Amino acid sequence: MSRRNFIGKSAVVSAAALLSSVPIISNAAKKTQAKPVVSGKTKVAIVGTGSRGTGMWGKTVLKGYSDKVEYIGMCDKNPGRLEAAKKHIGLTCKTYTDFDTMMKENKPDILIVTTMDATHDEFIIKGLDAGCNILTEKPMTTDEVKCQAILDAQKRSGKEVIVTFNYRYSPHRSKIWELINAGEIGDVTSVDFHWYLDTSHGADYFRRWHRKREFGGSLWVHKASHHFDLLGWWLNSEPEEVFAYGSLEFYGKNGKQRGTNCRSCSHKDSCNFYWDVNKNEYYKMLYTDNEQHDGYLRDGCVFKEDIDIFDKMCASIKYANGVQVAYSLTAYSPYEGYRIAFNGTKGRIDAWIQESNPTHDGEFDEIMVTRNFGKRNYIRIPQSEGHGGGDKLMQDKIWRNVKEDPFKQSANIRDGAFAILTGVAARKSCDSGKPVKIADLTDLMPKAKK
Ligand SMILES: NC(=O)c1ccc[n+]([C@@H]2O[C@H](COP(=O)([O-])OP(=O)(O)OC[C@H]3O[C@@H](n4cnc5c(N)ncnc54)[C@H](O)[C@@H]3O)[C@@H](O)[C@H]2O)c1
């Protein structure tokens with residue numbers, strides 16, 4: 001520690017305090033204003049009451065924002081999960097297994113969409129056509145045809161679509177945005193970005209509906225769209241062209257033994273991936289207690305032969321402003337996290353997050369800024385719960401109508417579209433062996449300055 005040069009006053013008390021105390025920031029960040037999303041007490045309906053809908057967009061909202069938000073309807077196709085979710089959140093509103101009936105009987109200001117990825121388009125479009133603003137979980141959708149249909153629906157309705165890219169809101173990532181936008185390393189010319197999912201969280205994608213392209217669009221879309229959104233936001237540019245490789249070399253057909261799901265498996269004692277879902281009370285209440293309604297197995301085998309997504313992926317992405325990105329995603333790493341480096345005309349920013357098996361005491365995350373011909377400087381960002389504290393900041397912004405948006409963190413329909421289109425282009429490139437131009441996918445033309 002003593003050999004390092006810390007920018008500011010090393011580990012400061014709070015993320016907010018640190019963000020404002022670091023001296024190398026320009027005023028550019030302060031100029032932007034976000035559009036207000038809600039005002040007064042907002043009438044909200046939600047479709048999709050799985051763990052995300054019930055937790056982040058149910059219990060957390062009711063606990064922290066019930067002075068601003070009133071739930072008027074909840075919908076899920078699984079009636080058991082729907083009732084369990086209602087009880088868990090503590091809501092009294094009406095529940096529906098039929099979305100159209102919910103929308104006919106209620107006039108929500110905001111529709112929250114937290115269903116399986118490939119179904120988002122149906123609810124976003126119907127919600128827009130019913131005159132609602134939409135708050136959708138990422139990915140906005142899973143292919144370019146659905147993306148175009150959402151863009152068209154938004155245009156004809158004049159309503160707003162917010163994509164809940166919570167990753168943008170972590171203070172560690174806002175600091176990176178601030179450093180880049182303050183010109184600390186000159187013009188960014190290229191980025192090395194490598195993301196690691198571990199054998200617990202990463203494996204979980206291969207247990208569930210995410211394992212099939214038709215439901216989650218592959219990890220290129222379901223997971224990497226988070227990362228592509230971060231890139232567009234950090235670089236202040238939209239992607240132009242993608243070339244990618246992908247393979248499935250670890251999960252799926254590669255396993256030496258397999259079953260249908262962990263609970264019924266005869267290889268429980270020898271499989272490293274054996275997992276007792278019922279040890280998690282929340283999952284038991286939402287999923288295993290309600291299997292009889294839809295047959296959804298939350299603890300599916302990671303070696304099922306029907307898995308058709310990649311577990312090893314890499315892409316070269318060219319942005320409209322000329323920045324080149326080398327990106328990779330590995331889904332069977334011993335630890336979870338990422339490494340990123342921005343190469344600029346005046347220096348380089350390195351950042352890394354290690355979420356499992358941490359190498360330090362877990363109190364802060366670092367960013368290293370090195371100027372050409374200069375020294376290395378380290379910035380420490382205190383850690384906090386919920387995607388580094390980002391989840392709460394995003395919810396405050398949405399429900400408390402926080403107008404200031406100093407780091408341009410609000411993600412709109414265009415951001416949501418370019419994030420998934422990067423993934424769709426990568427997926428298509430893996431299949432065709434050819435580079436894919438983003439402009440060929442929908443009527444959106446990538447811009448160099450967003
Ligand atoms: N931003 C993040 O960090 C983050 C984290 C987790 C999940 N998510 C997103 O949230 C969404 C939900 O994820 P989850 O983990 O809760 O999944 P889940 O499968 O547990 O829940 C989805 C729910 O939608 C319901 N559903 C599916 N199709 C439906 C339909 N046609 N009509 C009505 N209900 C339907 C299912 O029955 C289920 O209850 C996904 O889009 C996912 O990408 C985002």
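All values below were derived from every heavy atom in this structure, side-chain atoms included, with hydrogens, water molecules and symmetry-related copies excluded. Every number for a ligand or one of its atoms is a count from 1 in the order of the listing. Just so we're clear, the structure is a prediction, and the values are computed from it rather than from any experiment.
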Atom 32 (N) of ligand 1: nearest protein contact (heavy atom, Å):
Phe123 CZ, 3.4 Å

Do Phe215 and His222 make the cut of ring centroids closer than 6.0 angstrom?
no

Any atoms of ligand 1 less than 4.0 Å from a non-hydrogen atom of His222? List them with their elements.
42 (C), 43 (O)

Heavy-atom nearest neighbour in the protein, as seen from atom 24 (O) of ligand 1, with distance rounded to 0.1 Å:
Thr115 CA, 3.4 Å

Among non-hydrogen protein atoms, atom 33 (C) of ligand 1 lies closest to Lys77 N, 3.3 Å

When Arg208, Lys284, Arg263, Lys268 are each screened for salt bridge (charged side-chain N to carboxylate O under 4.0 Å, His left out) with Asp299, the one that passes is Arg263

Counting heavy atoms only, which part of Thr49 comes closer than 4.0 Å to ligand 1: side chain, backbone, both or neither?
backbone

According to the interplanar angle, ranging from 0 to 90°, do the rings of Trp233 and Trp177 count as parallel (below 30°), tilted (30 to 60°) or perpendicular (above 60°)?
parallel

Among all protein heavy atoms in this structure, tell me which lies nearest to atom 1 (N) of ligand 1, with the distance rounded to 0.1 Å.
Glu137 OE1, 3.0 Å

Considering heavy atoms of the protein only, find what lies nearest to atom 19 (O) of ligand 1 and give residue, atom and distance to 0.1 Å.
Trp209 NE1, 2.7 Å

Quick check with a 6.0 Å cut-off and a 45 degree axis cone: is Arg258 positioned over the face of Phe303's six-membered ring?
no

Tyr327 and Phe228 aromatic centres sub-6.0 Å:
yes

Give the contacting part of Met56 toward ligand 1: side chain, backbone, both or neither, where contact means a heavy-atom distance below 4.0 Å.
neither

Ionic contact status for Asp306 with Arg211, cut-off 4.0 Å:
yes

Please state which protein non-hydrogen atom is closest to atom 41 (O) of ligand 1 and give its distance, to 0.1 Å?
Asp117 OD1, 2.6 Å

At the 4.0 Å heavy-atom cut-off, does His120 count as touching ligand 1?
yes

So, are Glu137 and Arg52 salt-bridged, with charged N and O less than 4.0 Å apart?
yes

To the nearest 0.1 Å, how far is atom 39 (O) of ligand 1 from its closest protein heavy atom, and which atom is that?
Asp76 OD2, 2.6 Å

